[in-house]
Asker: 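The following block contains the structure, expressed as structure tokens.
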Amino acid sequence: MNKNLKTNIVRFVAIILSLFISSCAFANAVKVSGSGSSIAEPAMLMWTKNYQRQTGNQVSYVATGSGAGVDNLEKGNRSFALTDMPYSQTILDEHHWVQFPMMVSMVDIVYNLPGITKPLTLNGPVIADMYLGKIVWWDNPAIKQLNPEVNLPHKKIVLMYRSTESGTTYAFSHYLSEVSDKWTSIHDGTLKLIDMPANSVGERLSSQLALSVKNVPYSIGYVSDRYAQNQHLAKAELVNHDGMTLSPSMLSAYAALVNIPESSQGMLTKVVNLPGTESWPILATTFMLVPEHTDNKATISSILKFCSWVLVSGNKETLNLGYIPVPHSFRVQIRELWQFSFPKVKLDYNTFF
């Protein structure tokens, strides 16, 4: 037989065998699906794409908003949910869910003030008064006091907010409940959905809210930093817990996480108004919710393998998208939680963490 022909036949057989083996692996892979947090949508798009490319395992995700994602999990429509609203242990026990953090995001206060190029400075009480309808005009004395060098227009403030149950709204209202007694007295703490005053515009998803701020003059809103960057929105500088005025940055986000008091770490459930001169005051943690009890161990195993890939191998993608990876000390806590909650699921924890 011709030597070249023989070589080509051998190569052809090798290719066929490799394709067969790959097809078997894909056939045996468990496909899992989830929904929820719109903050996490850019990260999930990148994570799932790279995870499938590297492992051959498919994970699908739809950004519905945190509230709808949890509803889908409760109804059994999805394998998992991502939420930016942490649930109490009582609720987790009631639904037999396990909750753990996947990433942390900065939440920015974004605005559209035509002709204003100098960054606006705001603080928690002023933002609260805006969203309570007590500050209606951009040239209100309280805003002018924080921005003496800015020629603020006598224009009505257009308030942008999320019209569905939202984890971003939870982080935003959690922050306001920490810094404004007026907010707490009216809203009784943190909310997933805000009752808004007049001159407000509601949007279902973070991407829609960011686009509305971009298109509506004299508007203000709250979105994760990634959406603010995507639309090139103006971001307010905020006065933080220690009275320092800061711009949103990865440095200020990391500084906040470093300053989480040990007594209130709680798997990153409280990440707003943290102490520290360099700490950004509004962060949001995205949590994974997974059913604790299920007949399909393969599904749980597939979800946990994806999560462990994200928490370790996916850190580069997380950083590149402007999110903050879960710090190592918390990953250790997650490993212990998994070992306790899913004793029958066999994972190589030394590799994953």
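Because only heavy atoms are used, hydrogens play no part in the values below, and waters and symmetry mates are left out as well, while side chains stay in.
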Asker: Do E74 and W97 have side-chain N/O donor and acceptor atoms under 3.5 Å apart?
Answerer: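 W97 and E74 do not have a side-chain donor-acceptor pair below 3.5 Å.
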Asker: Mind running side chain to side chain contact (heavy atoms under 4.5 Å, CB included) on I282 and I109 for me, showing each step along the way?
Answerer: CA-CA 9 Å; I282 318 176; I109 304 302; 4.2 Å; yes
Asker: Distance only, no hydrogens: is a donor on one side chain within 3.5 Å (strictly under) of an acceptor on the other, for D84 and T286?
Answerer: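 Yes, side-chain donor-acceptor contact under 3.5 Å.
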Asker: With the side chain counted from C-beta on, respond yes when Q333 and M267 share a heavy-atom pair under 4.5 Å apart, and no when they do not.
Answerer: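 Contact flag for Q333/M267 side chains = yes.
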Asker: Using distance alone, with no hydrogens and no angle criterion, decide if S279 and N240 have a side-chain donor and acceptor under 3.5 Å apart.
Answerer: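 No, because no side-chain N or O of S279 sits under 3.5 Å from a partner of the opposite role on N240.
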Asker: Would you call E178 and K270 a salt bridge, taking side-chain N to carboxylate O under 4.0 Å as the test?
Answerer: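 A salt bridge links E178 with K270.
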Asker: Can you tell me how far apart CD1 (I39) and CG (L205) are? Round to the nearest 0.5 Å.
Answerer: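 One gets 11.5 Å once the value is rounded to the nearest 0.5 Å.
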Asker: Does either side chain, that of T245 or that of E237, offer a donor lying less than 3.5 Å from an acceptor on the other one?
Answerer: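 Judged by distance alone, the side chains do not pair up.
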Asker: For S313 and Y51, which I'm curious about, is there any donor-acceptor pair between the side chains at under 3.5 Å?
Answerer: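 No, Y51 and S313 have no side-chain donor paired with an acceptor closer than 3.5 Å.
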Asker: Would you call the rings of W47 and F306 parallel, tilted or perpendicular if under 30° counts as parallel and over 60° as perpendicular?
Answerer: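 Answer is perpendicular, since the angle exceeds 60°.
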Asker: About how many Å separate OH of Y61 and OG of S79, when rounded to the nearest 0.5 Å?
Answerer: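 Going from OG on S79 over to OH on Y61, the span is 13.0 Å.
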Asker: Are V110 and I220 packed together at the side-chain level, in the sense that at least one heavy-atom pair is separated by less than 4.5 angstrom?
Answerer: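 A side-chain contact is absent here, since even the closest heavy-atom pair is not under 4.5 Å.
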Asker: Run through I91, V290, L92 and flag the one making a side chain to side chain contact (heavy atoms under 4.5 Å, CB included) with Q99.
Answerer: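 It is L92, the one option of I91, V290, L92 that forms the side chain to side chain contact (heavy atoms under 4.5 Å, CB included) with Q99.
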Asker: Could you tell me if S252 and S249 have a donor-acceptor pair between their side chains, going purely by distance under 3.5 Å?
Answerer: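 S252 and S249 do have a side-chain donor-acceptor pair below 3.5 Å.
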Asker: Step by step, work out the ring pair (Phe, Tyr, Trp, His ring centres under 6.0 Å) result for Y161 and F172.
Answerer: CA-CA 10 Å; Y161 70 101; F172 177 68; over 10 Å; no
Asker: Rounded to the nearest 0.5 Å, how far apart are NZ of K75 and CG of N72?
Answerer: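 These two atoms lie 7.0 Å from each other.
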Asker: Do M288 and L304 touch side chain to side chain, with heavy atoms closer than 4.5 Å?
Answerer: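 No, too far: nothing below the 4.5 Å cut-off.
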Asker: I'd like to know if V136 and L132 are part of one continuous hydrophobic network [Ile/Leu/Val/Met/Phe/Trp/Tyr, side-chain heavy atoms within less than 4.5 Å].
Answerer: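 No, L132 and V136 fall in different hydrophobic clusters.
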Asker: Taking atom types as modelled and ignoring hydrogens, do the side chains of S219 and N112 form a donor-acceptor contact shorter than 3.5 angstrom?
Answerer: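 There is no such pair between these side chains.
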Asker: Side-chain heavy atoms nearer than 4.5 Å, only ILVMFWY residues, links allowed to pass through others: does that put L251 and V326 together?
Answerer: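 Each belongs to a different hydrophobic cluster.
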Asker: How about T168 and V223: do any of their side-chain heavy atoms sit closer than 4.5 Å?
Answerer: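 They are not in side-chain contact.
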Asker: Counting N and O atoms only, with roles assigned by atom type, does the side chain of W138 sit under 3.5 Å from a partner on the main chain of Y218, one being a donor and the other an acceptor?
Answerer: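 Checking the backbone N and O of Y218 against the side chain of W138, a donor-acceptor pair under 3.5 Å is found.
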Asker: Say whether, by atom type as modelled, one donor and one acceptor occur between the side chain of D242 and the main chain of M244 under 3.5 angstrom.
Answerer: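 Here the side-chain-to-backbone pair does not exist.
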Asker: Could you tell me whether K155 and D139 make a salt bridge, using a distance below 4.0 angstrom between a side-chain N and a carboxylate O?
Answerer: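 Result for this pair is no, no salt bridge flagged.
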Asker: Give a yes-or-no answer on whether the side chains of S224 and S105 include a donor-acceptor pair shorter than 3.5 Å.
Answerer: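 No, no side-chain donor-acceptor contact under 3.5 Å.
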Asker: Ignoring hydrogens and geometry beyond distance, is a side-chain donor-acceptor pair present between N50 and Q54 at under 3.5 Å?
Answerer: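 N50 vs Q54: no donor-acceptor pair found between side chains.
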Asker: Could you measure the distance from the CD atom of Q231 to the OG atom of S212? Nearest 0.5 Å is fine.
Answerer: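 One gets 9.5 Å once the value is rounded to the nearest 0.5 Å.
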Asker: Identify the residue among Y87, W338, F287 that makes a ring-ring contact (aromatic ring centres under 6.0 Å, His included) with F100.
Answerer: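 Of the listed residues Y87, W338, F287, the ring-ring contact (aromatic ring centres under 6.0 Å, His included) partner of F100 is W338.
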Asker: What's the separation between atom OG1 in T121 and atom CG in L146, rounded to the nearest 0.5 Å?
Answerer: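 Rounded to the nearest 0.5 Å, the OG1-CG separation comes out at 7.0 Å.
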